[in-house]
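Below, all heavy atoms of this structure are taken into account, side chains as well, without hydrogens, waters or symmetry copies.
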Number of protein chains: 2
Amino acid sequence: MLRYTLRQVEYAVAIWDHGSVAAASAHLGVAQPTLSASLAKLEAQIGLQLFIRHHAQGVSPSPAGLRFLAEARNLITHAQDLQRDTAAAGTTIEGQLALASFATIAPSFVPPLIKGFTSLHPQVTIRMAEGTQDELLKGVRSGDFDVALLYDVDMPEDFAVTPLASFAPHVLLPGRHRLTRLKNVPLVALKDEPFVLLDIAPSRTYFTRILETAGITPNVAFSSPSLEVVRGLVGQGLGYSILVTRPFGDHSYAGEELAVRPIADEVARGVIALAALKQMRKTRLVSAFEAHCVDYFRAFAS
Amino acid sequence: MLRYTLRQVEYAVAIWDHGSVAAASAHLGVAQPTLSASLAKLEAQIGLQLFIRHHAQGVSPSPAGLRFLAEARNLITHAQDLQRDTAAAGTTIEGQLALASFATIAPSFVPPLIKGFTSLHPQVTIRMAEGTQDELLKGVRSGDFDVALLYDVDMPEDFAVTPLASFAPHVLLPGRHRLTRLKNVPLVALKDEPFVLLDIAPSRTYFTRILETAGITPNVAFSSPSLEVVRGLVGQGLGYSILVTRPFGDHSYAGEELAVRPIADEVARGVIALAALKQMRKTRLVSAFEAHCVDYFRAFAS
DNA sequence: AGCGCAGCATCGTAAAATCCTATTCAAGGT
DNA sequence: ACCTTGAATAGGATTTTACGATGCTGCGCT
């Protein structure tokens, strides 16, 4: 347990600097008896007389006091540095931002977001991570991340969710599938087709719910947690899929042609959102990033 | 002005270490509400939420909080180091001792004193200075020195004086002076002889007072502030002197023979003493040195 | 599904620390 | 002898810190 306070040390160093209690008092804007008492108490607590008192002529440090004061000044400087850094962290836009992103959202949106934000605020570094919804929520709750970029589906009560943009899901078909002739695919047309499910929470429930809402029990032939694997399976003609994320280009990794068709029915759109803990007081940095995200996604309003 | 206290930071770091307010409370022996309030206040004062609260599962640092806490721990360590060093300075016998010595006393006594003390306490270093009585008193008063080794003559009221040993003054004569035939020299015999005065305060007044007490008005032919110059002048046959300090050997620097004779009269002895400021609370180190001096000079009891 | 437990926050209060103004006291300079 | 300077003390108001008791809420266990 520490036996002295920063305030006491601060005063003692000021008395040293000014050569007298009275001068320090004037300079600090603190009454002279306050300093006198504070110094006396500090000396008692550390068991060391710091100053020699000269009647009507100020004080001067004792040999042992001088050694203490030299170190004490370092401590005060250290404390001031910490305060300054902390104040900066709270009010200016700099430092590190820990951002987690849902795996299928990350490749399309995170790079431009980071590019835009860091060129706006060069003092900022961003730490990135991707994961499933569960992992993101856990990470934010445990303090590993400041915010998470994810789909606003089944979000728990303790998260503050900022919607950014919504995207309509689409049907993904093999390039030569007979339904590719249609401009819009009604969900009923998929009734008996084999379904390739993107199997990540909460996407899984989101997609199956879309089909079930249309009265269709999906015939899940394959499933994978990887978007690219799903696209590959569809490319191989093993079934259709329903997705929100739409990478640039109409080919799978392996090169098979793919076809993307809007859904004819009215369906729930996938809402991309930024989520943070409700209980967390936002730093300026986090707020600024949030604003930047809103800005960036405004372009996708549709 | 610093906006947080060491106590607050100490508590916050403890909470971090133990993962919960309750655990830190048990470990610190401080009530849980105290820590809770202290943390809340600290967060408000630095404008930064340090911890995420988990219901019934402790707390975990936020990303920004983590950065603060890492630095905060350094600060606490710094403060603890200072406290430890200071406590050591107050209670153990180590560190630096600033010793000032009257110029004529120094050569004979300071080297053995330092040798003896530092071999007793190897952790101690001693800073040395010599000077006139005025300089010594000024140095001790201004905090340049912890203690001064000097003659206890005309000591001001604000000094605490510890007598160490007393030495009888002697008459110093040229080697072939007629009075060298006497075993003890009565002061009256010096009545008309030229006097060579060691002219340093307070020795000057001490020596002249001795002669005046015996009813003699000294005929000051020469004076010098240097003991060795005085001995040289006497060696040249330019007069006699009265001194307390008696170097080893009966020759001046230039090689002239000198004779030392006790004074037949009853005269005031020169008292060597250690002086410190009354108002200064002594460190263990100073007390130990004082004790060592008393010990060392016991051998000179005469 | 309900219940108990764990753990943080809040409330009320007592003790201690902090700070102020007014005053006293001592040394030095005039 | 008096005035100035500057530290210490006294007394009192305010703030801070601490405590115990209690409330509240999610988690895990039956």
Nearest to the side chain of [X] - [options]?
X: B:Arg7; options: D:dA18, D:dA7, C:dG7; answer: D:dA18
X: B:Ser36; options: D:dA7, C:dA9, C:dT21; answer: C:dA9
X: B:Thr5; options: D:dT17, D:dT9, C:dG7; answer: D:dT17

Separation of atom [atom1] in [X] from atom [atom2] in [N], rounded to whole Å:
X: A:Gln49; N: D:dA7; atom1: CD; atom2: C1'; result: 13 Å
X: B:Phe51; N: C:dA9; atom1: CZ; atom2: P; result: 11 Å
X: B:Glu43; N: C:dC8; atom1: CD; atom2: P; result: 13 Å
X: B:Gln8; N: D:dT17; atom1: CD; atom2: P; result: 6 Å
X: B:Gln57; N: C:dA9; atom1: CD; atom2: P; result: 15 Å
X: A:Lys41; N: D:dT9; atom1: NZ; atom2: P; result: 15 Å
X: B:His18; N: C:dC8; atom1: NE2; atom2: P; result: 13 Å
X: A:Leu42; N: C:dC19; atom1: CG; atom2: P; result: 13 Å

(message) Does B:Gln32 contact C:dA9 through a side-chain donor or acceptor facing the base, at a distance under 3.5 Å?
(response)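 Result: at least one qualifying N/O pair found.
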(request) Report the residue (B:His54 or A:His55) whose heavy-atom-nearest nucleotide on DNA chain C is the more 5′ of the two. (result) B:His54
(request) Assign each of B:Ala56 and A:Gln45 to its nearest nucleotide of DNA chain C by heavy atoms, then name whichever residue's nucleotide is nearer the 5' end. (result) B:Ala56
(request) Examine C:dC19: is either OP1 or OP2 under 4.0 Å from a nitrogen or oxygen in the side chain of A:Tyr11? Give yes or no. (result)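 The answer is yes; a side-chain N or O of A:Tyr11 sits under 4.0 Å from OP1 or OP2.
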(message) If you compare every side-chain N and O of A:Thr34 against the phosphate oxygens of C:dC20 (OP1, OP2), does one of them come in below 4.0 Å?
(response)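 For C:dC20, OP1/OP2 do have a side-chain N/O of A:Thr34 under 4.0 Å.
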(request) Could you tell me whether a side-chain N or O of B:Glu43 sits under 3.5 Å from a main-chain N or O of B:Leu50, the two making a donor and an acceptor? (result) yes
(message) Counting the atoms with a prime plus P, OP1 and OP2 as sugar-phosphate, which does A:Ala31 contact under 4.0 Å by heavy atoms, base, sugar-phosphate, or nothing?
(response) base
(request) Calculate, to the nearest 0.5 Å, the distance between atoms CZ and CG belonging to B:Phe68 and B:Leu75 respectively. (result) 8.0 Å
(message) Go through it in stages, so that I can follow the logic: the residues are A:Leu82 and B:Tyr4, the test is side-chain contact (heavy atoms from CB on, under 4.5 Å), and I'd like the CA-CA distance, side-chain angles, deciding distance and then a yes or no.
(response) CA-CA 10 Å; A:Leu82 177 59; B:Tyr4 57 89; 3.6 Å; yes
(message) Less than 4.0 angstrom from a charged side-chain N to a carboxylate O is my criterion; do B:Asp158 and B:Lys278 meet it?
(response) no
(message) Distance alone, cut at 3.5 Å: any donor-acceptor contact between the side chains of A:Asp144 and A:Ser142?
(response) yes
